[in-house]
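Just so it is clear, the values below take in all heavy atoms, side chains as well, and ignore hydrogens, waters and symmetry mates.
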Number of protein chains: 4
Amino acid sequence: MKPKDEKKVEAIAAAVYRLAAGKGLAAVTLADIAREAGVATSTLYVYYKSREDLLDDVYQKAKTATVTRYASDDDPKASLKARVRRIWNNIVDNRIENRQQVAFLEQYYHSELLSETSRALGQRMSAPFIELLVAGQRSEQLKTVPPALLAAAVMGLARETALLVSRGDLPDDETTRANGFQLCWDAIRA
Amino acid sequence: MKPKDEKKVEAIAAAVYRLAAGKGLAAVTLADIAREAGVATSTLYVYYKSREDLLDDVYQKAKTATVTRYASDDDPKASLKARVRRIWNNIVDNRIENRQQVAFLEQYYHSELLSETSRALGQRMSAPFIELLVAGQRSEQLKTVPPALLAAAVMGLARETALLVSRGDLPDDETTRANGFQLCWDAIRA
Amino acid sequence: MKPKDEKKVEAIAAAVYRLAAGKGLAAVTLADIAREAGVATSTLYVYYKSREDLLDDVYQKAKTATVTRYASDDDPKASLKARVRRIWNNIVDNRIENRQQVAFLEQYYHSELLSETSRALGQRMSAPFIELLVAGQRSEQLKTVPPALLAAAVMGLARETALLVSRGDLPDDETTRANGFQLCWDAIRA
Amino acid sequence: MKPKDEKKVEAIAAAVYRLAAGKGLAAVTLADIAREAGVATSTLYVYYKSREDLLDDVYQKAKTATVTRYASDDDPKASLKARVRRIWNNIVDNRIENRQQVAFLEQYYHSELLSETSRALGQRMSAPFIELLVAGQRSEQLKTVPPALLAAAVMGLARETALLVSRGDLPDDETTRANGFQLCWDAIRA
DNA sequence: TATGAATGAGCCTTCATTCAT
DNA sequence: TATGAATGAAGGCTCATTCAT
């Protein structure tokens with residue numbers, strides 16, 4: 001709760017990402033985390049009051065970092081398509097470069113451990129993106145369907161594209177990204 | 001190992017779906033499954049030699065049923081678009097109607113417990129669908145991108161659509177399906 | 001809760017008595033009990049659902065046995081003094097002969113673990129004794145003070161006498177008992 | 001080891017009394033004591049070299065204070081009965097007024113943690129009382145039984161009386177004390 | 001086949017104690 | 001002196017699995 005040694009907190013988070021991606025979040029024990037982070041198991045309790053607390057904090061850290069990356073280099077003055085592409089690319093890149101973090105995030109999200117606070121965090125952080133899409137609808141550049149559907153399409157296609165790259169089914173290059181975004185844009189544009 | 005009583009085996013599978021959807025696969029114990037299926041815990045070992053074995057078998061059952069549902073009512077003589085729409089609809093319907101089974105499937109898929117055999121099963125079963133898409137590319141109706149990307153787009157958009165419905169963000173009606181498929185088709189068509 | 005092997009249940013209770021008397025109830029771990037009873041620690045959970053449950057059950061067993069011993073050989077037709085002496089003797093004998101059980105009983109009684117049920121049990125079992133004393137008051141053989149005080153005097157003096165014997169401060173013979181009861185009787189008689 | 005700040009030492013002792021009476025000595029942790037005393041846990045080690053040491057010191061403090069209270073207002077020139085009554089009253093009053101301290105004392109006494117030194121302390125402090133009783137025997141006012149039995153009777157009856165008052169079974173008034181001492185005196189007098 | 005009893009391994013958590021500041 | 005950080009040891013409890021009937 002009141003972390004003193006920031007380095008240790010980060011080592012713990014990193015350990016969680018690595019382990020969750022490696023053996024599945026459910027199989028990650030506190031002993032695993034401690035070993036991987038280079039501290040004693042009981043030391044984890046100096047920083048967090050329970051396993052649940054620890055994971056929730058790591059989740060919030062990761063979620064915030066992820067969403068921040070999604071929005072990076074967004075240029076409000078660029079065209080709608082350019083801005084969506086920027087975000088789409090960020091999502092794909094993040095999923096490929098921070099594979100372990102993403103693996104943890106998805107597993108935790110589906111693990112019924114998600115606290116209400118954490119769930120709200122996700123909503124709040126994606127709000128600007130939704131607004132961008134709504135603006136696109138107003139200027140008649142995007143399909144007139146529930147915005148949530150447009151957002152889901154963008155996220156879903158980025159997700160699938162990154163997955164194919166991570167699995168080795170597609171090369172990690174510009175062509176793949178161009179193809180993927182082409183599908184994405186055609187899906188949502190008016 | 002050699003299931004005799006098919007009724008019991010099905011009760012076990014049903015128990016697993018229900019429990020996994022309810023409290024998360026990781027939290028499901030053999031005692032839970034046995035109780036829910038109406039047998040003694042040790043009886044599970046009469047049918048399976050380990051927890052892993054049990055889950056893997058249930059997975060294969062569910063996976064097969066799911067893929068079968070995907071292909072149901074496919075009319076080889078219909079137009080490409082109609083056939084894809086049929087499949088897309090089947091996927092969406094299945095995800096909504098068999099929520100518990102799908103929940104189990106996804107959790108198990110991401111749990112690193114998936115045996116090699118089971119992984120191959122997934123590949124094998126989706127082969128006909130890939131072929132359909134390749135045919136569509138040959139007739140220049142679909143984009144000339146790696147077929148896996150097209151398949152991923154269809155599956156991904158169906159998944160996202162069903163998710164929005166399950167969450168209550170979108171109504172479970174024809175309009176939702178029409179909108180969803182519109183995005184899907186625009187994404188993949190040439 | 002649903003003991004099958006009565007022998008094991010008794011071995012567990014005996015282990016608790018021995019250990020509580022030896023190292024103090026608070027220091028008795030489930031591992032200790034299991035080792036002493038010749039079973040695995042987890043086996044204890046076959047019989048009881050928690051440590052608290054186990055101790056409470058053992059307590060009720062011991063309490064019942066103890067109170068039964070207090071009342072043994074009571075002759076309703078004997079004189080009041082003879083009957084009180086009988087009971088007093090039983091208490092002293094029990095405290096000396098079943099030292100370990102008594103040690104456990106006293107420690108548990110003062111340990112804030114005592115369930116409401118168990119507390120009520122104690123009250124209920126001592127009721128006949130109180131009635132005997134009240135009858136003694138009615139026949140003007142005993143002092144006219146609150147019966148609870150008379151009961152406490154009898155119990156207290158038996159307790160102290162047994163304690164002195166157990167400690168070796170007094171010999172374990174008839175003289176000690178005669179002296180002790182003399183004090184007891186003089187204390188309560190009218 | 002070498003207590004400097006007497007205030008802190010007393011705060012610690014007071015914390016122990018309160019906590020032991022409240023949740024049972026066995027459940028009292030050093031963290032509890034520290035919190036209740038307003039210091040850091042590790043600070044306790046500035047004053048004592050171990051938990052055992054701390055409790056033993058607190059015990060000796062409490063024991064000394066208690067025995068001192070027993071002897072307070074003793075008038076060597078008063079009659080034997082008056083002197084015994086004085087002491088008996090002091091014991092009862094102490095048990096009622098210093099409930100928490102007494103609770104700690106009894107729990108610690110039965111916890112097998114009692115050091116040899118502390119055990120001897122108890123003996124030493126009750127010596128004058130034993131001498132008083134022996135003098136009473138010599139003047140043929142008290143029964144000719146082992147003095148330890150007389151002492152035990154006085155202590156035991158005081159204990160039981162105070163217990164009944166603490167429990168609310170008897171009122172905390174002069175009548176209760178008069179009745180109680182009547183039993184006590186009849187028990188020991190010749 | 002079906003099951004209740006039994007268990008070893010392991011998990012989360014607590015706590016007295018030590019260390020560094 | 002005083003304290004927050006760190007930890008090893010241990011405890012209660014769960015669970016997949018085996019055994020005996």
Side-chain angles (χ1 to χ4, degrees), chain A residues 1-5 7-9 26-34 37-55, chain B residues 1-5 8 26-34 37-55, chain C residues 1-5 7-9 26-34 37-55, chain D residues 1-5 8 26-34 37-55:
Chain A
M1 292 275 103
K2 287 170 184 172
K4 261 290 167 59
D5 190 335
K7 250 178 203 157
K8 222 156 264 179
V9 174
V28 175
T29 72
L30 291 185
D32 287 334
I33 298 172
V39 299
T41 305
S42 49
T43 302
L44 298 178
Y45 284 85
V46 171
Y47 293 84
Y48 304 101
K49 72 183 232 293
S50 72
R51 178 193 145 98
E52 195 176 332
D53 241 52
L54 185 158
L55 291 181
Chain B
M1 299 260 87
K2 289 181 179 176
K4 269 280 171 64
D5 189 338
K8 225 160 259 181
V28 175
T29 71
L30 291 186
D32 287 335
I33 298 172
V39 300
T41 304
S42 46
T43 302
L44 297 179
Y45 285 84
V46 172
Y47 293 86
Y48 305 100
K49 74 178 230 287
S50 73
R51 176 191 148 100
E52 198 177 330
D53 243 49
L54 186 157
L55 291 181
Chain C
M1 293 274 103
K2 288 169 185 174
K4 262 288 164 60
D5 190 336
K7 248 178 204 158
K8 222 157 263 177
V9 173
V28 175
T29 72
L30 291 184
D32 287 335
I33 298 172
V39 299
T41 304
S42 49
T43 302
L44 297 178
Y45 285 86
V46 171
Y47 292 84
Y48 304 100
K49 71 182 233 292
S50 72
R51 177 192 144 101
E52 196 176 331
D53 242 53
L54 186 157
L55 291 182
Chain D
M1 298 260 87
K2 288 180 177 175
K4 268 283 172 58
D5 190 337
K8 225 159 261 180
V28 175
T29 72
L30 289 186
D32 287 335
I33 298 173
V39 299
T41 304
S42 45
T43 302
L44 298 178
Y45 284 84
V46 172
Y47 293 85
Y48 304 100
K49 76 179 227 288
S50 73
R51 177 192 147 98
E52 199 178 329
D53 242 51
L54 186 157
L55 291 181

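- The pairing partner recorded for dG8(F) is dC15(E), the criterion being a Watson-Crick or G-U wobble arrangement whose two distances lie under 3.5 angstrom.
- The residue among T29(C) and G38(D) whose nearest nucleotide of DNA chain F is located toward the 5' end is G38(D).
- Note: CD1 (I33(A)) to P (dA6(F)) measures 16 Å, nearest angstrom.
- Between the CG atom of L30(C) and the C1' atom of dC13(F) there is a distance of 8 Å, rounded to whole Å.
- dA20(E) is paired with dT3(F) under the Watson-Crick or G-U wobble criterion, all donor-acceptor distances under 3.5 Å.
- When the side-chain nitrogen and oxygen atoms of K8(B) are compared with OP1 and OP2 of dA2(E), one or more of them lie within a distance under 4.0 Å.
- Heavy atoms of T41(A) sit under 4.0 angstrom from at least one base atom.
- Checking dC19(E), dG8(E), dT18(F) against every side-chain atom of S42(B), the shortest atom distance belongs to dT18(F).
- Counting to the nearest Å, the C1' atom of dT3(F) and the CG atom of D5(D) are 15 Å from each other.
- Here the closest heavy-atom approach between residue V28(C) and residue R51(C) is recorded as O-NH1, 2.6 Å.
- Between the CD1 atom in I33(B) and the OH atom in Y48(B) there is a gap of 10.0 Å [rounded to 0.5 Å].
- To the nearest 0.5 Å, atoms CG (D5(D)) and NZ (K8(D)) are separated by 5.0 Å.
- At whole-Å resolution of the value, OH in Y47(A) and C1' in dG4(F) are 10 Å apart.
- Between the P atom of dA16(E) and the CG atom of L44(D) lies a distance of 10 Å, rounded to the nearest Å.
- The structure places OH of Y47(C) at 15.0 Å from CG of D53(C), a figure rounded to the nearest 0.5 Å.
- Minimum interatomic distance between A26(D) and A26(C) (heavy atoms only, all atoms of both residues): CB-CB, 3.2 Å.
- Rounded to a whole Å, the OH atom of Y48(B) is 13 Å from the P atom of dA2(E).
- Of the side-chain N and O atoms in T43(B), one or more sit less than 4.0 angstrom from OP1 or OP2 of dT3(E).
- Taking for each of A40(C) and V39(B) the nucleotide of DNA chain E with the nearest heavy atom, the 5'-most of the two is the partner of V39(B).
- One atom, OH of Y45(C), and another, C1' of dC13(F), lie 4 Å apart when rounded to the nearest Å.
- If you find the closest nucleotide of DNA chain F to E52(C) and to A31(B), the one lying nearer the 5' end belongs to E52(C).
- The side chain of K49(D) places no N or O atom within less than 4.0 Å of a non-bridging phosphate oxygen (OP1 or OP2) of dA16(E).
- Counting to the nearest Å, the P atom of dC15(E) and the CZ atom of R51(D) are 10 Å from each other.
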